[in-house]
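For reference, the structure is listed below as C-alpha cells.
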Amino acid sequence: MKRTHDCASLTEGHIGQEVVLMGWILRRRDHGGLIFVDLRDRMGITQVVFSPEAAPAAHKKAHALRSEYVIAVRGTVAKRPEGMENPKLLTGAIEISCAELRILNSSQPPPFPLDEEGEVSEAIRLKYRYIDLRRPRMAEAIRIRHEVCQAVREHLNNQGFFEIETPMLTRSTPEGARDYLVPCRLSPGSFYALPQSPQLYKQILMISGLEKYYQIVRCFRDEDLRADRQPEFTQIDMELSFVEEDDIIALVEGLVSHVFEKALGRVLSCPFPRLSYDEAMERFGTDRPDMRFGLELRDVSEVAQTCAFQVFRHAASSGGVVKAVNAKGMGDISRKEIDELTEHAAAFGAKGLAWVKIREDGSWQSPIAKFFTQEEMERIGEHLEASSGDILFFGADQKSVVLKVLGELRLELARRHGLILRDVLSFVWIGDFPLFEYDEELGRLQAVHHPFTAPREEDLDLLETEPFRVRARAYDLVLNGTEIGGGSIRIHRPDVQERVFRALSLPDEEAREKFGFLIEALSYGAPPHGGIAFGLDRLVMLMTGRETIRDVIAFPKTQKGQCLLTQAPAPVAMTQLVELSLKPGWD
RNA sequence: GGAGCCGUAGUUCAGCCGGUUAGAACGCUGGCCUGUCACGCCAGAGGUCGCGGGUUCGAGUCCCGUCGGCUCCGCCA
C-alpha cells in the first residue's frame with residue numbers, strides 16, 4: 001500500500017475517492033458493531049470507520065487496535081451522515097470507510113495521554129520526547145519553526161545572501177559567557193571551544209569579500225538555564241558589507257515581515273518604532289520594553305530632593321533617583337496585593353515599595369502622606385497625571401535598582417490586571433546604546449554589546465577620555481518585551497579596534513594573542529560591515545505563544561543541563577580520558 | 001552560589017489536627033454494545049506515598065538531609 005494523503009487534507013471534494021492513509025491511533029471507539037478510529041499524523045486527524053458488513057476482515061482486525069498502534073488504511077472517502085459531522089475536526093465533514101487495514105506496528109500503552117487536555121509533567125514528556133512530539137501542539141510548534149527557517153532562507157537568498165557554515169570547533173576567547181570546551185587529542189592540553197556565536201568568522205567572511213552572509217546556526221553558552229535560555233540555542237545570523245544602521249534595519253524589517261506572513265499569515269506594519277536606550281530605560285526601566293501597555297515610569301527626584309520623607313530625600317540627594325509608576329485605576333487593590341507586589345519588588349533589590357492611593361477628593365491615602373506638603377503632593381500628582389482611583393508606586397535608590405524594580409513592577413501589574421493583550425505584536429528597535437558599562441566584579445569596563453561594535457564616529461575622541469559617553473552603533477530588536485535580535489556596525493579599522501581593546505583594559509599582548517588574527521585581517525582591506533543575529537528559539541516561542549523555548553526545541557535540556565531522553569551528559573570510559581590526555585582529579 | 005514551588009496508581013490529582021485495609025477521575029485488562037467523536041454500560045487489575053534518617057505507641061502527613069522537575073536572583077560580551 002502506498003500512502004496517498006495526510007490526515008488533514010481530505011475534504012468533501014474527495015468524496016468517493018479511494019485513498020490510503022497511514023498514521024497512529026489516537027482513539028478507538030468500539031461499538032461492538034461499528035468501530036471508529038481517530039487516525040493521527042503530523043498534519044491532523046481523520047476518522048476511519050470499520051463496518052462488519054462493508055469489510056468483515058478489516059473490522060475483525062480493528063478489534064485489536066490500541067492507542068498509538070501504527071496502521072495503514074485503504075478505503076473510500078465518504079460524506080458523514082446528516083448531523084454526524086464533527087465541527088472540531090478540520091476533516092469533520094468526511095470519514096474513511098475502511099476496506100483494508102494493515103497494522104504496521106503495535107504499541108505499548110503510552111505513558112501519558114496524547115489528548116490536548118490536561119498538562120503532563122515536563123520530566124515525563126522529556127523522557128518520552130518521541131511521544132510528546134506526536135502531540136498536535138508540539139508538532140505544530142516544530143512545523144512553524146521549520147516554516148520560519150524556510151522563510152528566512154527564501155528571503156535572504158532572494159536578497160543575494162550566501163549561506164555559509166562556520167566551524168563548531170573554534171577557540172576560546174575572553175569576554176562573554178563561559179565556554180564549552182572540547183579537548184583536542186592531537187594537541188594534549190589544548191582545547192577547542194564551541195562557538196558562543198560565529199561573530200569573528202562572519203566578520204572575517206566580510207573581509208573575504210563575500211559581502212552578504214547568513215547562517216541558521218547553533219550557539220553554545222555554558223551558563224545557568226531559564227525558561228528562555230538553553231545551553232545550545234539557534235541564531236539566525238547575518239552580516240553585510242558596505243552598509244550602515246538603516247540598511248540593516250530595513251533589511252530586517254523586510255525579513256521579519258516575510259517570516260510572519262509566511263509562517264503565520266500575519267501582516268506587520270513597518271517601519272517599526274525606534275527608541276533610544278536612554279529613553280527606554282527612563283520610561284520603562286529596561287532596554288527591552290514591553291510596549292503593549294502603558295504604566296510608564298516618571299521621575300520625581302526633584303520634588304523628592306526637598307521633601308520631608310528621609311528615604312526619598314536621601315536617595316534623590318545622594319546620587320540616586322526617585323521614580324514612580326501610576327497604576328491607573330488600580331486604587332482598589334487590597335493591602336494583601338500591595339504586600340505581594342512589595343515582595344515581588346524585593347526580589348529585584350527593592351528595600352521597600354512606597355505607595356499612595358488617590359482618594360475621591362484627590363487627597364493621599366498612604367503611610368507616607370504625612371511627610372509631604374500639600375504643594376509637594378500636587379506637584380507629584382500632576383507629574384504622574386494622578387486622579388482619583390489611581391495608586392502610585394515609588395522606588396527610591398540608586399538609579400539602576402530603581403529602574404530594575406519599577407520596570408519589573410510595571411510588568412507584574414500588567415500581568416495581574418490583564419493589560420497584556422496576547423494577540424498584539426509590538427516591535428521596537430532600541431538604539432544609541434552606550435559602548436561600555438562598568439563591571440563591578442571585574443573592576444573595569446565591559447562592552448555592552450561585544451568588543452567589535454563600532455563607536456559612533458563623532459564619539460571616537462572620547463574613547464580615551466570619557467569612555468562612558470561613547471555611544472555604540474548597535475541596535476536591538478524587541479518584540480513584546482523580549483529581545484529577539486541584536487547587532488551592530490562593526491569596527492573595520494585596526495587602529496580603532498586596538499583603541500577599544502585598550503579601553504577594555506585588555507593588555508596589548510593579550511589582545512594580540514587572542515585577537516591578533518582579527519586585527520591583522522582588518523589591516524588587509526576590511527570593508528565597512530555590520531550585521532545582526534536573531535534568537536530563533538525565542539522568536540518561534542513568541543510566534544507560537546509558548547511560555548518556554550523548550551516547547552519549540554525538539555530535544556531540549558532540563559534546568560540542570562540534562563537530556564532526559566539520552567541521559568546526557570554521562571561519564572566516559574577511562575580509556576577515552578587517557579586518549580585525550582585528560583587526568584581526572586575527582587576520584 | 002542563593003530563594004521559592006512541586007514530587008502519592010501508567011497520567012492528573014485528593015488525602016483534614018499524626019490514627020483501621022491510601023482514594024477519585026482518566027488510562028489499562030476482560031465482557032457487552034451498529035453512528036460514535038473525551039462514545040456508553042458492567043466487572044477487574046494496578047501503590048518502594050522520590051530516596052535516606054529522625055521524632056512518635058503510631059508518619060503519605062511533623063523535622064532534618066538528599067535526589068529530581070519547574071520558576072526566579074546572581075550569571076548570560
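Below, read A as the first sequence line, B as the second, and so on, with proteins coming before strands; counting in each chain starts at 1. What you see is a predicted model, and the numbers here were worked out from it, not measured in a lab.
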* To do: Could you measure between the two C1' atoms, the one in C13(B) and the one in G47(B), and give it in whole Å?
  => 15 Å

* **Tyr213(A) side chain to Thr166(A) side chain, donor-acceptor N/O pair below 3.5 angstrom** => no

* Between C1' of C37(B) and CZ of Arg28(A), the distance in whole Å -> 14 Å

* Asked: In whole Å, what is the span from the CG atom of Asp30(A) to the P atom of A38(B)?
  -> 17 Å

* Would you mind checking if Glu223(A) and Arg229(A) are paired as a salt bridge, meaning a charged N to carboxylate O distance below 4.0 Å? => no

* Asked: Using atom P of each nucleotide, how far apart are C16(B) and C41(B) to the nearest Å?
  -> 31 Å

* **Per-pair stack call Phe36(A) and U36(B), 5.5 Å, 30°** => yes

* Scan Gln196(A) against the nucleic acid and name what it touches under 4.0 Å (heavy atoms): base, sugar-phosphate only, or nothing. => nothing

* Can you tell me the pairing partner of C17(B) across any strand shown, Watson-Crick or G-U wobble, with both distances under 3.5 angstrom? => none

* Asked: Do the side-chain N and O atoms of Thr173(A) and Arg171(A) include a donor-acceptor pair separated by under 3.5 angstrom?
  -> no

* Shortest side-chain distance from Arg221(A), nucleotide among C76(B), G74(B), U36(B) -> C76(B)

* Salt-bridge contact Arg40(A)-Glu68(A) (side-chain N to carboxylate O under 4.0 Å) -> yes

* Phosphate OP1/OP2 of U71(B) contacted by Arg550(A) side-chain N/O (<4.0 Å) -> yes

* Atom C1', compared across G40(B) and C33(B): separation rounded to whole Å -> 8 Å

* **Lys/Arg N to Asp/Glu carboxylate O, Arg288(A) vs Asp476(A), below 4.0 Å** => no

* **Asp224(A) CG to U71(B) P, straight-line distance once rounded to whole Å** => 12 Å

* Are the ring of His31(A) and the base ring of U36(B) both nearer than 5.5 Å at their centres and tilted by less than 30°? -> no

* Phosphate-side-chain proximity, Arg29(A) and C39(B), N/O vs OP1/OP2 below 4.0 Å -> yes

* side-chain N/O Gln562(A) vs G68(B) OP1/OP2, d < 4.0 Å -> no

* Asked: Rounded to the Å, how far apart are Arg288(A) CZ and C76(B) P?
  -> 14 Å

* Test for a donor-acceptor pair under 3.5 Å between the base of G74(B) and the side chain of Arg226(A), counting only N and O atoms. => yes

* Using a cut-off of 4.0 Å on non-hydrogen atoms, how would the nucleic acid contact of Glu95(A) be classed: base, sugar-phosphate, or nothing? -> base

* To do: Identify the nucleotide, in any strand shown, that forms a Watson-Crick or G-U wobble pair with G40(B), with both distances under 3.5 Å; if there is none, say none.
  => C32(B)

* Asked: Which nucleotide, in any strand shown, forms a Watson-Crick or G-U wobble pair with A25(B), with both distances under 3.5 Å?
  -> U11(B)

* Asked: Under 4.0 Å between a Lys/Arg side-chain N and an Asp/Glu carboxylate O for Arg456(A) and Glu245(A)?
  -> no

* To do: Counting Watson-Crick and G-U wobble pairs only, both distances under 3.5 Å, name the nucleotide matched with A3(B), or none.
  => U71(B)

* Asked: Atom CG of Leu225(A) and atom P of G68(B): how far apart are they, to the nearest Å?
  -> 14 Å

* **Separation between the P atoms of U66(B) and A24(B), rounded to whole Å** => 37 Å

* Using a cut-off of strictly less than 4.0 Å between a heavy atom of the residue and any atom of RNA chain B, enumerate the qualifying residues of residues 57-90 of chain A by number. => Arg66(A), Ser67(A), Arg80(A), Pro81(A), Met84(A), Glu85(A), Asn86(A), Lys88(A)

* Asked: U12(B) and G52(B): how far apart are their C1' atoms, nearest whole angstrom?
  -> 28 Å

* To do: For the pair Lys557(A) and Glu232(A), find out whether any cationic side-chain nitrogen is under 4.0 Å from an anionic carboxylate oxygen.
  => yes

* **Rounded distance in Å between the P positions of G53(B) and A45(B)** => 32 Å

* To do: Using a heavy-atom cut-off of under 4.0 Å over every strand shown, decide if Ile124(A) touches base, sugar-phosphate, or nothing.
  => sugar-phosphate

* Asked: What is the distance, rounded to the nearest whole Å, between atom CZ of Phe348(A) and atom P of U71(B)?
  -> 14 Å

* Asked: Counting any heavy atom closer than 4.0 Å, what does Ser197(A) reach on the DNA or RNA strands: base, sugar-phosphate only, or nothing?
  -> base

N/O donor-acceptor pairs under 3.5 Å from side chains in residues 57-64 of chain A, not counting sequence neighbours:
from     : atom 1 : to        : atom 2 : distance (Å)
His59(A) : NE2    : Gly33(A)  : O      : 2.3
Lys61(A) : NZ     : Leu101(A) : O      : 2.7
His63(A) : ND1    : Asp30(A)  : OD2    : 2.9

* Is a salt bridge present between Asp290(A) and Arg415(A), judged by a nitrogen-to-oxygen distance below 4.0 Å? -> no

* Looking for any heavy atom pair under 4.0 Å, which part of the strands does Val49(A) touch: base, sugar-phosphate only, or nothing? -> nothing

* Asked: To the nearest Å, how far apart are Arg415(A) CZ and C72(B) P?
  -> 10 Å

* Whole-Å C1' distance, C39(B) and G35(B) -> 10 Å

* Asked: Can Glu337(A) and His417(A) be counted as having a side-chain donor-acceptor contact under 3.5 angstrom?
  -> yes

* **Check: U36(B) base within 3.5 Å donor-acceptor of Gln47(A) side chain** => yes

* To do: Write down the partner of A45(B) under the Watson-Crick or G-U wobble criteria, each distance required to be under 3.5 Å.
  => none

* To do: For Pro111(A), answer base if it contacts any base atom (sugar-phosphate contacts may also be present), sugar-phosphate if it contacts only those atoms, and nothing otherwise; contact means non-hydrogen atoms under 4.0 Å.
  => sugar-phosphate

* Asked: Would you say U36(B) has OP1 or OP2 under 4.0 Å from some side-chain N or O of Arg27(A)?
  -> no

* Asked: If each of Gly32(A) and Glu223(A) is mapped to the nucleotide of RNA chain B with the nearest heavy atom, which maps nearer the 5' terminus, i.e. the 5' end?
  -> Gly32(A)

* Asked: Taking the C1' atom of each, how far is G74(B) from G65(B), in whole Å?
  -> 25 Å

* Atom CD of Gln398(A): over 12 foreign heavy atoms under 6.0 Å -> no

* Have a look at Pro52(A) and say if it touches a base, only the backbone sugar-phosphate, or nothing, with a 4.0 Å heavy-atom cut-off. => base

* Structure fact -> Here the distance between atom P of A25(B) and atom CG of Asp115(A), to the nearest Å, is 17 Å

* Using only side-chain N and O atoms of Ser121(A), determine if any of them is under 4.0 Å from OP1 or OP2 of U12(B). => yes

